[in-house]
Amino acid sequence: QVQLVESGGGLVQAGGSLKLSCARSGRTSNTYAMGWFRQGPGKEREFVAAINWSGSGRYYADSVKGRFTISRDIAKNTVYLQMNSLKPEDTAVYYCAVDLSGGSNWNPLRDYEYDYWGPGTEVIVSS
């Protein structure tokens, strides 16, 4: 079993910054990648960013490129999402997820690639 707990969400004004953290515990021996998704009010869950645990690749949704940065600390089993220049449309519940195995056709944008999910942390960006 793997447990994920997000933190760092909150209320911020447009143009501001937040840094989300996702701490992982439990089974930590295998990690292929970790990702961030979000679900805004009345919207479907969407991909935000992902990182290969080896550090070989970082992936971003077009809507956040240049504003968000994903990183990880292997020793702490933690993944981060630095969010700058926040916009009201970034308002959502943000979820982190872990993919344990990857695969030849791995696509970080597909939520079904991921094996475990955190409960989410809410980000509200006011205009």
Side-chain angles (χ1 to χ4, degrees):
Q1 280 286 2
V2 174
Q3 294 80 41
L4 302 172
V5 178
E6 303 94 339
S7 61
L11 174 64
V12 64
Q13 286 189 333
S17 299
L18 282 175
K19 186 174 185 177
L20 305 184
S21 300
C22 175
R24 174 184 169 179
S25 60
R27 176 186 168 193
T28 59
S29 57
N30 295 321
T31 304
Y32 184 77
M34 292 189 73
W36 288 95
F37 287 74
R38 68 186 181 186
Q39 186 166 16
K43 298 180 182 179
E44 294 189 353
R45 186 167 61 187
E46 63 176 356
F47 169 78
V48 176
I51 185 169
N52 292 106
W53 205 239
S54 65
S56 61
R58 289 173 169 81
Y59 312 88
Y60 296 95
D62 288 343
S63 59
V64 307
K65 279 181 182 176
R67 301 189 297 122
F68 291 11
T69 302
I70 190 170
S71 61
R72 90 272 188 259
D73 185 325
I74 294 176
K76 295 182 178 179
N77 278 305
T78 299
V79 66
Y80 304 97
L81 186 68
Q82 176 67 47
M83 305 186 296
N84 299 328
S85 302
L86 283 161
K87 305 175 181 180
E89 50 264 44
D90 295 318
T91 293
V93 177
Y94 284 72
Y95 302 91
C96 76
V98 61
D99 180 353
L100 301 179
S101 57
S104 59
N105 295 316
W106 183 70
N107 183 333
L109 278 67
R110 297 189 294 229
D111 57 4
Y112 59 80
E113 297 277 5
Y114 297 84
D115 301 293
Y116 293 93
W117 293 78
T121 185
E122 188 173 25
V123 172
I124 300 173
V125 184
S126 63
S127 57

Quick test of your reading: applying disulfide (SG to SG under 2.5 Å), list the pairs with at least one residue in residues 43-83, sequence neighbours left out, ordered by first then second residue.
none
Give every residue pair that meets the disulfide (SG to SG under 2.5 Å) criterion with at least one member in residues 88-127, sequence neighbours excluded.
Cys22-Cys96
How far does CD1 of Ile124 sit from CG of Leu86, to the nearest 0.5 angstrom?
12.5 Å
Asn105: partners by side chain to side chain donor-acceptor pair (under 3.5 Å), with sequence neighbours left out
none
Residue pairs meeting side-chain hydrogen bond (donor to acceptor under 3.5 Å, both in side chains), one or both in residues 13-23, sequence neighbours left out, come to Ser17-Asn84
Who passes side-chain contact (heavy atoms from CB on, under 4.5 Å) against Pro88, sequence neighbours left out?
Ala14, Val125, Ser127
Tell me, which pairs form a disulfide (SG to SG under 2.5 Å) where one or both residues lie in residues 59-94, sequence neighbours left out?
none
Residues in side-chain contact (heavy atoms from CB on, under 4.5 Å) with Gln1, at least two apart?
Gln3, Tyr116
The complete set of disulfide (SG to SG under 2.5 Å) pairs with one or both residues in residues 98-127, sequence neighbours excluded, reads none
Would you confirm whether Glu113, through its side chain, and Pro108, through its main-chain N or O, come within 3.5 Å as a donor-acceptor pair?
no
Should side-chain heavy atoms under 4.5 Å link Ile, Leu, Val, Met, Phe, Trp and Tyr, which residues sit in the same cluster as Val93?
Tyr32, Phe37, Phe47, Tyr59, Tyr95, Trp106, Leu109, Tyr114, Trp117
Does Ser85 have any side-chain contact (heavy atoms from CB on, under 4.5 Å) partners at least two apart in sequence or in another chain, and if so, which?
Arg67
Salt bridge check, Lys65 against Asp62: does any charged N sit closer than 4.0 Å to a carboxylate O?
yes
Does some side-chain heavy atom of Asp115 sit less than 4.5 Å from a side-chain heavy atom of Val2?
no
Run Leu20 and Glu6 through side-chain contact (heavy atoms from CB on, under 4.5 Å) and show every step you take.
CA-CA 7 Å; Leu20 305 184; Glu6 303 94 339; over 6 Å; no
Is Tyr80 reachable from Trp36 through a run of hydrophobic residues whose side-chain heavy atoms are each under 4.5 Å from the next?
no
Looking only at heavy atoms, what is the nearest atom pair of Ala49 and Leu81, with distance?
CB-CD1, 4.1 Å
Restricting to non-hydrogen atoms, name the atom on Val98 and the atom on Met34 that form the minimum distance, rounded to 0.1 Å.
CG2-CG, 3.9 Å
Solution key, residues 68-76 side-chain donor-acceptor pairs under 3.5 Å, sequence neighbours excluded:
from: Arg72; atom 1: NE; to: Trp53; atom 2: O; distance (Å): 3.0
from: Arg72; atom 1: NH2; to: Trp53; atom 2: O; distance (Å): 3.1
from: Arg72; atom 1: NH2; to: Ser54; atom 2: O; distance (Å): 3.3
from: Asp73; atom 1: OD1; to: Ala75; atom 2: N; distance (Å): 3.1
from: Asp73; atom 1: OD1; to: Lys76; atom 2: N; distance (Å): 3.1

Residues at least two apart in sequence or cross-chain that pass side-chain contact (heavy atoms from CB on, under 4.5 Å) with Ser63, listed by chain then number, are Arg38, Ala61
OG of Ser25 to CG of Leu4: how many Å apart, nearest 0.5 Å?
7.5 Å
Say you draw a straight line from CG of Asp90 to CE of Met83; how long is it, rounded to the nearest 0.5 Å?
7.5 Å
Euclidean distance, Thr91 OG1 relative to Leu11 CG, rounded to 0.5 Å
8.5 Å
